[in-house]
Amino acid sequence: MPKCELHLHLEGTLEPELKLALAQRNGVDIGQSSVEEVRATYVFDSLASFLGVYYPAMDVLVTEEDFHDLALAYLRKAASQNVRHAEMFFDPQVHVGRGVAFETVVRGYHRAVVEAHAELGISSALILCFVRDLPVASAEETLRAALPFRDLIVGVGLDSDERGNPPAKFAAVFAAAREAGFRVTMHCDIDQEDTVEHLRQALEDLGTERLDHGTNVVEDPRLLALVRERGIGLTCCPVSNSFVTDDSKAPVIAELLRSGVKVTVNSDDPAYFGGYVNENARALAEAADLTPDELVQLQRNAFEIAWIGDAQREELLAELDAYAALSVPPTA
Ligand code: ADE
Ligand code: ZN
């Protein structure tokens with residue numbers, strides 16, 4: 001099935017093999033010397049404990065080549081699963097905070113975008129995420145750094161630790177980003193403290209175009225109606241959910257899908273959670289008894305809410321329709 005990925009953190013695609021290779025290439029001591037040892041550190045049971053493993057791992061990313069290699073490895077994997085378009089988050093503040101130039105990060109990632117398109121026909125775009133547990137001034141500085149690269153970055157998002165870091169904290173920087181022409185999305189992670197208020201701010205005050213996760217919106221009928229009315233997409237990640245909370249939230253994802261909300265299925269941080277798009281679609285299908293038509297609908301939703309031009313959207317939807325018309329039952 002032709003697929004579309006809209007919730008993917010490039011730094012979350014750092015597989016143990018590549019982490020080890022980059023550590024060796026850059027002479028960074030990560031404290032482990034085998035793939036098994038690195039894999040054994042990928043252990044967590046909450047968003048905060050996940051982030052505690054995730055951020056230090058980024059120390060191995062130093063040169064433009066490193067960022068390029070990371071993104072190209074992901075795009076090759078995605079293309080092997082017939083992902084036709086991917087929109088990929090990245091966290092520049094974490095790299096800049098380690099002394100890596102903003103430009104090094106963006107140029108490396110962008111080079112992979114260009115090469116993957118030429119090599120594999122997969123299209124992709126970059127979404128700059130503000131790290132919500134860093135100060136607002138840092139987000140503002142990051143937006144300023146991004147302006148000269150406006151053509152290489154399709155939109156802005158908001159990620160990292162949501163606790164005590166509501167969307168409202170970033171209202172001004174999101175307004176400035178929108179003014180500069182960036183598309184807008186943001187994480188409202190699963191089962192967070194004050195989740196309904198965060199969702200309200202994201203939707204009503206910051207005017208987000210998509211919600212990354214966002215399934216707690218079922219707790220507020222008024223906000224749910226708003227999501228439906230505006231055609232706001234939800235980028236769900238069932239395998240990730242089962243790591244950072246106590247379940248995959250498959251029933252609520254399926255309920256939203258069946259009620260016509262533009263739900264999509266994505267992989268979040270596949271190197272850490274052990275599932276790319278296919279594994280996420282399969283996990284959701286099994287947990288919620290999705291029909292073949294519902295699996296197609298997840299991808300239709302994704303192509304509909306993707307930040308691409310109308311011609312590309314029509315082309316991708318036509319590919320999906322052609323797939324759906326085949327008599328064989330669809331599989332992820
Ligand atoms: N950064 C990487 N993955 C994330 C997630 N699932 N939630 C918030 N921030 C993240
Ligand atoms: Zn995420």
Side-chain angles (χ1 to χ4, degrees), residues 4-15 19 42-59 61 70-71 74 78 86-95 97 105 109 125-134 138-139 142 155-167 169-170 184-195 198-199 202 208-216 233-249 253 263-277 279-280 283-284 302 305:
C4 181
E5 166 120 279
L6 301 176
H7 186 154
L8 178 282
H9 299 264
L10 277 170
E11 293 87 356
T13 69
L14 184 62
E15 292 286 352
K19 182 177 179 188
Y42 285 17
V43 177
F44 23 74
D45 59 3
S46 65
L47 179 57
S49 64
F50 160 68
L51 295 171
V53 176
Y54 176 72
Y55 286 122
M58 295 181 198
D59 285 352
L61 296 162
L70 178 67
Y74 161 70
E87 293 175 9
M88 312 179 296
F89 297 131
F90 70 111
D91 282 354
Q93 282 155 286
V94 181
H95 309 305
V105 181
Y109 283 153
L126 297 171
I127 302 175
L128 183 164
C129 275
F130 300 117
V131 174
R132 68 199 307 164
D133 41 348
L134 290 176
S138 169
T142 306
V156 293
L158 184 65
D159 68 1
S160 197
D161 197 352
E162 187 167 333
R163 190 155 189 256
N165 296 295
K169 176 177 167 186
F170 297 95
V184 170
T185 186
M186 58 197 71
H187 279 57
C188 283
D189 262 279
I190 306 290
D191 295 346
Q192 295 290 300
E193 205 173 274
D194 299 326
T195 185
H198 290 190
L199 284 156
T208 195
E209 298 174 64
R210 303 202 295 234
L211 288 168
D212 300 311
H213 302 294
T215 47
N216 288 84
L234 266 55
T235 64
C236 300
C237 312
V239 173
S240 154
N241 293 349
S242 57
F243 277 88
V244 299
T245 73
D246 55 8
D247 76 87
S248 72
K249 306 291 176 188
I253 297 171
V263 166
T264 64
V265 66
N266 308 274
S267 64
D268 209 359
D269 301 285
Y272 291 89
F273 303 134
Y276 287 79
V277 163
E279 290 77 21
N280 273 273
L284 182 62
I305 66 168

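Atoms within each ligand, like the ligands themselves, are counted from 1 in listed order. Numbering starts at 1 and runs along the sequence shown. Computation of the quantities below employed the complete heavy-atom set of this structure, encompassing side-chain atoms and omitting hydrogens, waters and symmetry-equivalent molecules. Here the structure is a predicted model, which means the values were calculated and not measured.
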Quiz item: What about Y272 and H9, are their ring centers closer than 6.0 Å?
Solution: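 Ring centres of H9 and Y272 not closer than 6.0 Å.
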
Practice problem: Kindly say whether the aromatic ring centers of F243 and F50 come within a distance under 6.0 Å. | Solution: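 For F243 and F50, the ring centres are not under 6.0 Å apart.
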
Quiz item: What are the protein N, O or S atoms, given as residue plus atom name, that sit under 2.8 Å from the Zn ion (ligand 2)?
Solution: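 Metal shell, protein only: H7 NE2, H9 NE2, H187 NE2, D268 OD1.
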
Minimum side-chain heavy-atom gap [X]-[Y] below 4.5 Å:
| X | Y | value |
| --- | --- | --- |
| C236 | T215 | yes |
| I127 | F90 | no |
| L61 | H95 | yes |

Taking a 3.5 Å cut-off between nitrogen or oxygen atoms, can you list every pair linking ligand 1 to the protein, with distances?
| unit_1 | atom_1 | unit_2 | atom_2 | d |
| --- | --- | --- | --- | --- |
| ligand 1 | 3 (N) | H9 | NE2 | 3.3 |
| ligand 1 | 3 (N) | D269 | OD1 | 3.4 |
| ligand 1 | 3 (N) | D269 | OD2 | 2.6 |
| ligand 1 | 6 (N) | D268 | OD1 | 3.4 |
| ligand 1 | 6 (N) | D268 | OD2 | 2.8 |
| ligand 1 | 7 (N) | D189 | OD1 | 3.3 |
| ligand 1 | 7 (N) | D189 | OD2 | 2.9 |
| ligand 1 | 9 (N) | S160 | N | 2.8 |

What I want to check is whether the side chains of [X] and [Y] have a donor and an acceptor closer together than 3.5 Å.
| X | Y | value |
| --- | --- | --- |
| N216 | D191 | yes |
| H198 | Q192 | no |
| D133 | S160 | yes |

Quiz item: side chain to side chain contact (heavy atoms under 4.5 Å, CB included) with Y54: which of L14, L47, D91?
Solution: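 The side chain to side chain contact (heavy atoms under 4.5 Å, CB included) with Y54 is passed solely by D91 among L14, L47, D91.
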
